[in-house]
Amino acid sequence: MKNDKNENYLIPEHVAIILDGNGRWAKKKNMPRNYGHVKGSENLEKVCKAADELGIKYITVYAFSTENWKRPEEEVSALMKLLRNYLKDCVKKANKNNMRIRVIGEINRLDKDIRDAIMELDEVSKKNTGLNLTIAINYGARDEMIRAMRKAMQDAKEDKFKIEDFNEESFGEYLDTKGMPEPDLMIRTSGEQRLSNFLLWQLAYTEFYFTDVLWPDFDKKELEKAIQYYNKRERRYGGLA
Ligand code: FPP
């Protein structure tokens, strides 16, 4: 990808996305909210393809937060049905697309068949070397950090490390994102400018891009705009913080 001076763009290695605005998108079309979610999940596939073509290596998306259980029961069950089908579809397609697909979040609260699909997906896509897609389901960053601390405290109790040796790097090893690079760019669609408990630890140095475009309308062109913005920020502040 080139800019107007024909210089090469820096492509972020890892892009995190808060997929927002499915409900409003559907409302604008006089359709039920769940139709927006269906279109939103279809759009994720298109954006992953675009990201892969642009050379992005990691995409991490917020699909269902720990807060989303508070939505009306009918919407929660429609979202779960969508996720269930999406994950089963991923199991079939991951190898064909050479995609490594992971799920982060507290998966123990999910139905058994969804947990099985998550496990199977992890297993079948383990060796794939293409795009890394990470889907956050029943995810909340505070919950992730508490789970990490519990595991670390247990290990400390069992003398697996000395407390004074515990540092940022070791904490990262207990997080769901263990082994992944931190996001370079975080995109939130639909005009909201909040983190909503997404990757609070991992986004410490990430550039943020907010757009009014609703998630089902966010396409390759919009992704390129976000990358252009990222390049402007990088040039201005590159390397400082
Ligand atoms: C925000 O839109 C979106 C969600 C709560 C869920 C995101 C889920 C999907 C895109 C579909 C399932 C995902 C996968 C990976 C299969 P909103 O409902 O908050 O929209 P609104 O703010 O306009 O009401």
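We count ligands from 1, going down the list as the structure has it; atoms in each ligand are counted the same way.
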Quick one: look up the protein heavy atom nearest [atom] and list residue, atom name and how far away it is.
{"atom": "atom 16 (C) of ligand 1", "answer": "Tyr86 CG, 3.3 Å"}
{"atom": "atom 7 (C) of ligand 1", "answer": "Ala63 O, 3.4 Å"}
{"atom": "atom 14 (C) of ligand 1", "answer": "Leu83 CD2, 3.7 Å"}
{"atom": "atom 22 (O) of ligand 1", "answer": "Arg24 NH2, 2.8 Å"}
{"atom": "atom 19 (O) of ligand 1", "answer": "Arg71 NH2, 2.9 Å"}
{"atom": "atom 11 (C) of ligand 1", "answer": "His37 O, 3.6 Å"}
{"atom": "atom 20 (O) of ligand 1", "answer": "Gly23 N, 3.0 Å"}
{"atom": "atom 1 (C) of ligand 1", "answer": "Leu19 O, 3.1 Å"}

*In Å and rounded to the nearest 0.5 Å, what is the CG to CD distance from Leu54 to Glu224?*
5.5 Å
*Between Val103 and Leu87, does a side chain to side chain contact (heavy atoms under 4.5 Å, CB included) hold up when you go through it step by step?*
CA-CA 9 Å; Val103 170; Leu87 293 170; 4.0 Å; yes
_Here's a test for you: under side chain to side chain contact (heavy atoms under 4.5 Å, CB included), which of Asp122, Val124, Thr129, Leu133 qualifies with Arg100?_
Asp122
*Met180: which of Lys57, Gln202, Arg102 passes side chain to side chain contact (heavy atoms under 4.5 Å, CB included)*: Arg102
Per-atom contacts, ligand 1 versus [X] - under 4.0 Å to a heavy atom:
{"X": "Leu44", "value": "15 (C)"}
{"X": "Asn68", "value": "5 (C)"}
{"X": "Asp20", "value": "1 (C), 2 (O), 17 (P), 19 (O), 20 (O), 22 (O)"}

_Contact check, Arg33 vs ligand 1, heavy-atom distance below 4.0 Å_ = yes
_Check contact between Gly21 and ligand 1, using heavy atoms of the residue and a distance below 4.0 angstrom._
yes
*Please confirm whether Trp215 comes within less than 3.5 Å of ligand 1 when only nitrogen or oxygen atoms on both sides are compared.*
no
Do [X] and [Y] sit within salt-bridge range, that is, some charged N less than 4.0 Å from a carboxylate O?
{"X": "Glu144", "Y": "Arg147", "value": "no"}
{"X": "Glu42", "Y": "Lys46", "value": "no"}
{"X": "Arg194", "Y": "Glu192", "value": "yes"}

*Does Leu214 sit in a hydrophobic cluster with other residues, and if so which ones, taking ILVMFWY side chains as linked at heavy-atom separations under 4.5 Å, directly or through other members?*
Trp25, Met31, Tyr35
*Which hydrophobic side chains are connected to Leu203, either touching it within the sub-4.5 Å cutoff or through other members that do?*
Ile18, Tyr62, Ile104, Tyr139, Met145, Met149, Met153, Phe161, Phe166, Phe171, Tyr174, Leu175, Met186, Leu195, Phe198, Leu199, Leu200, Trp201, Phe208, Phe210
_Closest to atom 10 (C) of ligand 1 (judged by heavy-atom distance), picking from Ile18, Asn22, Ile17, Ile135_ = Asn22
*Heavy atoms, side chains only, cut-off 4.5 Å: are Trp215 and Ile17 in contact?*
yes
